[in-house]
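Below is one structure, written out as structure tokens; comments come after it.
Numbers for residues simply follow the sequence, beginning at 1.
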Amino acid sequence: MQRTTTTTTSSPDTGLQSLDPARTPSRDATHFRRIIAVKKHVIDAEQDLAHAVADARAAGESWTVIGAALGVSKQAAHKRFGHSSPR
């Protein structure tokens with residue numbers, strides 16, 4: 001039976017496509033699945049944070065206040081969030 005591999009241009013090359021299941025012992029994927037789940041939470045949290053900052057700016061909050069809430073300088077807050085609005 002011939003095995004086919006589908007590769008998309010948006011996915012990074014993880015090297016998993018080159019593994020031969022006939023010669024690679026299977027492993028418990030618990031840690032792999034947990035990393036994927038946590039990465040999704042991080043992405044969601046980053047989006048929530050960007051929205052919260054955009055809402056704060058729309059409400060008139062200064063970069064000083066936003067920076068203080070983030071634990072960074074106003075310049076660092078502006079550099080990270082000042083360039084675009086997530087909404």
Side-chain angles (χ1 to χ4, degrees):
M1 174 192 237
Q2 185 175 4
R3 186 174 155 224
T4 59
T5 303
T6 303
T7 305
T8 61
T9 56
S10 62
S11 297
D13 181 13
T14 61
L16 293 176
Q17 297 85 357
S18 63
L19 293 178
D20 179 0
R23 293 200 255 171
T24 304
S26 62
R27 296 181 53 131
D28 180 359
T30 300
H31 300 293
F32 182 77
R33 287 190 307 270
R34 182 170 175 230
I35 291 168
I36 291 170
V38 171
K39 180 182 174 193
K40 183 184 180 328
H41 288 299
V42 168
I43 290 168
D44 291 345
E46 288 288 338
Q47 290 174 346
D48 289 346
L49 180 59
H51 287 271
V53 170
D55 290 346
R57 287 295 296 155
E61 295 295 347
S62 69
W63 287 112
T64 301
V65 170
I66 294 168
L70 295 170
V72 299
S73 68
K74 66 180 182 181
Q75 294 87 350
H78 185 268
K79 182 176 180 181
R80 181 172 175 189
F81 296 103
H83 58 282
S84 65
S85 173
R87 292 187 179 180

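Sequence neighbours left out, the pairs with a member in residues 72-83 that pass salt bridge (Lys or Arg N to Asp or Glu O under 4.0 Å) are E46-R80. Sequence neighbours left out, not one pair with a member in residues 17-36 passes ring pair (Phe, Tyr, Trp, His ring centres under 6.0 Å).
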Return a table of donor-acceptor pairs under 3.5 angstrom between the side chains of residues 57-65 and protein atoms on other chains or two or more places apart.
from	atom 1	to	atom 2	distance (Å)
R57	NH1	E61	O	2.7
S62	OG	T64	N	3.4
S62	OG	V65	N	3.1

List the atom pairs, with distances to 0.1 Å, where a side-chain N or O of residues 37-44 and a protein N or O form a donor-acceptor pair under 3.5 Å, not counting sequence neighbours.
from	atom 1	to	atom 2	distance (Å)
K40	NZ	D44	OD2	2.8

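Residues satisfying the side chain to side chain contact (heavy atoms under 4.5 Å, CB included) criterion with A76, sequence neighbours excluded, are V72, S73. Residues satisfying the side chain to side chain contact (heavy atoms under 4.5 Å, CB included) criterion with I35, sequence neighbours excluded, are absent altogether. For S26, there are no side-chain hydrogen bond (donor to acceptor under 3.5 Å, both in side chains) partners, not counting sequence neighbours. By the salt bridge (charged side-chain N to carboxylate O under 4.0 Å, His left out) test, R34 pairs with no residue at all, sequence neighbours left out. Listed by chain and number, the residues in a side chain to side chain contact (heavy atoms under 4.5 Å, CB included) with T24 are L19 (sequence neighbours excluded).
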